[in-house]
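When reading the values below, keep in mind they use all heavy atoms of this one structure, side chains included, and skip hydrogens, waters and symmetry mates. This chain uses plain numbering: 1 for the first residue, then up along the sequence.
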Amino acid sequence: MYPVTQPLAFVSVTAETLDAVFCAFRSYDMVHYGHSNQLRQAKAMGDYLIVGVHTDEEISKHKGPPVFTQQERYKMVRAIKWVDELVEGAPYVTTLQTLDKYSCDFCVHGDDITLTVDGKDTYEDVKKTGRYRECNRTQGVSTTDLVGRMLLMTKAHHSNIASSDYQQHTDNFGKFVFSSVGFQGPRGSSPWTGVSQFLQTSQKIIQFASGQEPQPGDTIIYVAGAFDLFHIGHVDFLEAVHKLSEKPYIIVGLHFDQEVNRYKGKNYPIMNIHERTLSVLACRHVSEVVIGAPYTITKDLLDHFKVDLVCHGKTEVFPDRGGYDPYAVPKKKGIFRTVDSGNSLTTDNIVQRIIKNRLLYEARNQKKEAKELWRRTPRHTLTFPNGDFRD
């Protein structure tokens, strides 16, 4: 399985107008809506949220190779709308000196465990002094599960659910379920690297949504797509679109899963419509999301949202079910624009990164799971993947 790598958040008092400033430190590799929800919860604990992101070197030392570079991870975290400030190259172990350096009152982390390479709790010092706060883990999502979905793209599970390849996947990425007695899973696996099915609620959407209507003078810009595995390529595109106007109001139309699978094939989308909705809503450049937007942009849609401009990136535009250009109407009206973000990263590229380094990521996650089990199972001898053990 694959670890959930996360950022660290701090809170501190830096001015009379701020009651509390706090920080959160994590890896933020493979950023997903679970990370965003953690930061949303963290921001609600204070007034100013500082997020520290670890370097590639630190992550490789304690976890294994990251999927995204540190520069990509820095930019992804900056794009999350609850983040006020970002600290590049944050230390992996959070100390009181680090909190004091950034004038933070306390730090915030999820209720999962983060350990150093030698098995030490990275928040041990701040916990002892009462400068640690915890927020709830977002049920139904983990980096582990997302990576598992990507690896399945190279398997034969589409045609034969009982294939040995699929069975191997379920052995490695077994899902956990919740019951009245808590976590349940195969072979006593760590609950923190397992995942339950995500259930969308109206309350969760409200928590992520801006709730702001277009104001007079706003330029209403409509973009549409899958926005699958919301990544730095999407962020760069939305940032470029945001710069097209002094007062942009960006509406993102998300296609239903069946529509995405029609034009992308394989087992795309990796994230379903509910997951993609929260991922996009967490971006500071996005004002509104249309859930299940029609693939073909019609006059009715443009009139309904009073769209001034329709944008699309440099990626390929697939014909609609009738074989026509889905952007024909906005093009005819003269309100269509192709936007070059300067970033060619796609969801396919991310999947290829995972496949290329599959064995390294598997070893990384096995080691994380072993450490977590050791921390939660006193007096139990447990062998680590690298041969180490603890009693």
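For residues 207-216, the set of pairs meeting the salt bridge (Lys or Arg N to Asp or Glu O under 4.0 Å) definition, not counting sequence neighbours, is empty.
A salt bridge is absent between Arg262 and Asp320; no separation between the charged side-chain nitrogens and carboxylate oxygens falls under 4.0 Å. Here Arg78 does not pair with Glu72 in a salt bridge; the nearest charged N to carboxylate O distance is not below 4.0 Å. Between Asp236 and Lys75 there is a salt bridge, since a side-chain N of the basic residue sits under 4.0 Å from a carboxylate O of the acidic one.
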Evaluate salt bridge (charged side-chain N to carboxylate O under 4.0 Å, His left out) for Asp84 paired with Lys43, printing each intermediate quantity in order. CA-CA 9 Å; Asp84 295 306; Lys43 182 61 181 288; 3.2 Å; yes
Evaluate the salt bridge (charged side-chain N to carboxylate O under 4.0 Å, His left out) criterion for residues Arg73 and Glu88: first the C-alpha distance (whole Å), next the side-chain angles of each, then the deciding distance (0.1 Å), finally the verdict. CA-CA 10 Å; Arg73 290 182 287 110; Glu88 298 183 359; over 6 Å; no
Could you go through Asp56 and Lys61, starting from their C-alpha distance and side-chain angles, then the distance that decides it, and tell me whether this counts as salt bridge (charged side-chain N to carboxylate O under 4.0 Å, His left out)? CA-CA 9 Å; Asp56 295 343; Lys61 175 183 176 181; over 6 Å; no
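Contact of the Val351 side chain with the Lys266 side chain is not registered, since no non-hydrogen atoms from C-beta on lie closer than 4.5 Å. Between Arg276 and Pro269 there is a side-chain heavy-atom pair separated by less than 4.5 Å. At a threshold of 4.5 Å between non-hydrogen side-chain atoms, the residues Leu238 and Val235 do not count as touching. Leu278 has its side chain within reach of Gln200: a pair of non-hydrogen atoms, C-beta onward, lies under 4.5 Å apart.
A donor-acceptor pair under 3.5 Å links the side-chain atoms of Thr277 to the main chain of Ile273, judged by distance alone.
Just one residue in the list Lys120, Lys127, Lys128 forms a salt bridge (charged side-chain N to carboxylate O under 4.0 Å, His left out) with Glu124, and that residue is Lys128.
Taking the ring centroids of His255 and Tyr263, they lie under the 6.0 Å cut-off. Aromatic ring centres of Tyr327 and His312 lie closer together than 6.0 Å.
Counted within 6.0 Å of NZ on Lys247, heavy atoms from surrounding residues, nucleotides or ligands total more than 12; the atom is thus considered enclosed.
Under the 30°/60° scheme for interplanar angles, the aromatic rings of Phe237 and Phe227 are found to be tilted.
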